[in-house]
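Every value quoted in this text rests on a predicted model; they were computed, and no experiment measured them. Only this structure's heavy atoms are used, side chains among them; waters, hydrogens and symmetry mates stay out. Chain A is the first sequence line, chain B the second, and so forth, proteins listed ahead of strands; every chain is numbered from 1.
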2 protein chains.
Amino acid sequence: MVTNIAPEVTSQVTDEALVQRRRAQFVAAAVELFSSQGYYRTTIQDIARKAGVSSGLIYQYVRDKEDVLLLSLLSVLDSYKQEIPQALAGLTDPLERCCVAIDAYCRVVDQRREATVLAYRSTKSLSADRRALIKVSELESNDLIAACLRDCIAKGVFREVNVELVTYQLVTFAHTWALKHWRLKELSTLDGYIEQGIDFFTQALLTPKGWRQYRKLLESRHSKADFRSRPENPAAE
Amino acid sequence: MVTNIAPEVTSQVTDEALVQRRRAQFVAAAVELFSSQGYYRTTIQDIARKAGVSSGLIYQYVRDKEDVLLLSLLSVLDSYKQEIPQALAGLTDPLERCCVAIDAYCRVVDQRREATVLAYRSTKSLSADRRALIKVSELESNDLIAACLRDCIAKGVFREVNVELVTYQLVTFAHTWALKHWRLKELSTLDGYIEQGIDFFTQALLTPKGWRQYRKLLESRHSKADFRSRPENPAAE
DNA sequence: TTTCTGAATGAATAATCATTCAGTCAACGT
DNA sequence: ACGTTGACTGAATGATTATTCATTCAGAAA
């Protein structure tokens with residue numbers, strides 16, 4: 001039996017819907033425990049206790065402990081792939097899309113700060129084949145950002161740069177908010193962090209033509225560089 | 001007994017020089033093993049075997065396994081604090097110093113790629129008090145970069161930005177070469193990565209006055225953005 | 001009701017390892 | 001020579017924990 005979520009992880013249990021529900025339940029408990037105590041310090045018994053089931057039950061839904069880690073990490077990456085397209089929905093201006101994507105990425109990272117750190121901590125604890133699945137998923141979510149960049153370049157808003165390399169800088173910028181939160185939280189708020197980041201990246205990338213659009217974009221927004229509230233939402237005005 | 005390297009780590013052995021030598025020996029073995037297998041999968045017996053000593057001996061030089069990890073991580077951070085000032089020695093132009101510092105940072109990271117990843121993987125496996133020592137050391141090495149930035153701003157070469165925040169972007173840029181090497185190595189060489197990074201950061205930071213200096217700096221260099229060979233080294237011409 | 005299926009339990013198993021410690025050895029001072 | 005000191009060894013100890021499996025149990029089917 002195989003779920004559509006993670007085809008590589010097999011389960012003893014036949015009821016597809018139940019598998020989904022149980023795994024989500026285990027992963028929720030596991031992400032919390034792995035994030036706070038780390039993978040190796042967390043026992044299957046811990047996860048079972050937090051999920052309110054017996055330790056043996058988990059082995060009906062995964063092959064081994066590493067499978068639980070794999071599912072946990074995939075769930076974190078999935079939340080990126082969920083939230084960013086959602087934030088972009090309906091937006092067409094390439095520059096705006098790019099700024100909103102960065103903004104959204106930083107905000108998911110902020111919401112799942114511990115889980116983001118977990119991904120950096122624990123991906124290497126996976127076997128090579130399982131790690132490969134993570135890499136694929138990571139590249140997919142990077143493509144959400146890369147597409148925005150390519151669009152801006154095609155429209156002459158950003159200068160010609162190595163898209164993939166700049167994508168990594170953007171992605172890392174978002175991740176850093178989680179990875180170095182112990183220090184960054186003393187230097188800035190999340191909003192301030194995003195604002196200075198977008199300021200920095202636009203400075204580095206905008207063409208003269210892009211600058212004109214950027215200024216227009218800022219005017220159509222409420223405050224300086226706040227990309228949270230959407231223009232079609234006049235309540236926030 | 002206390003060494004000057006890590007005052008918090010105590011040793012049974014009295015001979016100060018011996019303590020230094022043995023610890024260096026253990027740390028060399030440990031960094032290699034931790035990097036390739038991870039902290040928890042590496043046993044004290046593994047480290048002892050690789051270092052060519054008995055497992056019991058290690059406990060004459062550290063309190064527990066976590067101490068070995070602490071010393072290992074501190075040694076990685078120390079290599080940053082060694083190499084960057086060394087690369088900057090003799091240089092006075094603020095802009096040049098800034099570029100050279102970034103260049104040097106990326107190159108240490110490249111040399112100690114696995115160890116850099118180890119720092120991200122394993123810092124959280126330390127107890128809070130030991131982790132605090134790492135944080136202090138990290139801030140110290142960040143200051144090497146921050147000082148260069150402040151200098152450039154004071155001289156009007158860079159615009160006024162939040163120095164600490166930009167420092168983190170620079171530092172993270174260097175670390176990313178190690179963290180995402182599995183992908184980046186397919187996108188660029190180290191030299192290319194550094195070049196595009198410096199290009200990117202200067203675009204974001206330079207003032208008009210700074211631009212004039214930057215162009216002059218590039219001309220005095222051999223190829224475009226190669227900050228490796230020093231001008232006082234005519235052999236490379 | 002009785003039977004059957006498969007989900008769920010949790011005690012038992014089998015390893016794995018950090019840490020200790022009784023004992024060896026070599027160097028040195030007397 | 002001989003006793004002392006301190007580095008060093010490595011087998012033994014004691015915990016911890018992933019994984020298994022004999023059982024229980026609830027509900028569907030007959």
| message | Just to be sure I understand the rule, does A/Arg22 reach a base, reach only the sugar-phosphate, or reach nothing, if contact means heavy atoms closer than 4.0 Å? | response | sugar-phosphate
| Hey, does the side chain of B/Arg150 reach the backbone of B/Val163 with a donor-acceptor pair shorter than 3.5 angstrom? | no
| query | Start at the 5' end of DNA chain C and walk down; is the nucleotide closest to A/Ser54 or to B/Ile44 reached first? | reply | A/Ser54
| message | In whole Å, I'd like the distance from the CG atom of A/Asp46 to the P atom of D/dT17. | response | 8 Å
| said: Without decimals, in angstroms, what is the distance between B/Gln37 CD and C/dT16 P? | reply: 14 Å
| task | Nearest whole angstrom, please: distance from the P of C/dC17 to the OH of A/Tyr40. | result | 10 Å
| said: Go nucleotide by nucleotide along DNA chain C from the 5' end; which of B/Leu57 and B/Thr42 gets its closest nucleotide reached first? | reply: B/Thr42
| What integer distance in Å separates A/Phe26:CZ from C/dA7:C1'? | 11 Å
| query | What's the NZ-P distance between A/Lys65 and D/dT17, to the nearest Å? | reply | 8 Å
| query | With a 4.5 Å heavy-atom cut-off, do B/Tyr39 and B/Glu66 have their side chains touching? | reply | yes
| Whole-Å distance separating the CD atom of B/Gln60 from the C1' atom of C/dG23 | 13 Å
| Whether B/Arg130 side chain and B/Leu70 backbone form a donor-acceptor pair below 3.5 Å | no
| task | Check whether any side-chain nitrogen or oxygen of A/Gln45 sits under 4.0 Å from OP1 or OP2 of D/dT17, and answer yes or no. | result | no
| message | Once you measure the plane-to-plane angle for A/Tyr193 and A/Trp177, does it fall in the parallel (<30°), tilted (30-60°) or perpendicular (>60°) bin? | response | tilted
| Atom pair distance, as rounded to whole Å: CD1 in B/Ile58 and C1' in C/dA18 | 11 Å
| Name of the residue among A/Phe173, A/Tyr168, A/Phe201 meeting ring pair (Phe, Tyr, Trp, His ring centres under 6.0 Å) with B/Phe200 | A/Phe201
| query | What's the closest nucleotide to the B/Asp64 side chain, out of C/dT19, C/dA7, D/dA18? | reply | C/dT19
| Gap between atoms CZ and C1', on A/Arg49 and C/dG10 respectively (whole Å) | 13 Å
| request: Would you mind telling me which of C/dT9, C/dT19, C/dG10 lies closest to the side-chain atoms of A/Ser55? | output: C/dG10
| Given C/dG10, C/dT19, C/dC17, the nucleotide with the shortest approach to the side chain of B/Tyr59 | C/dT19
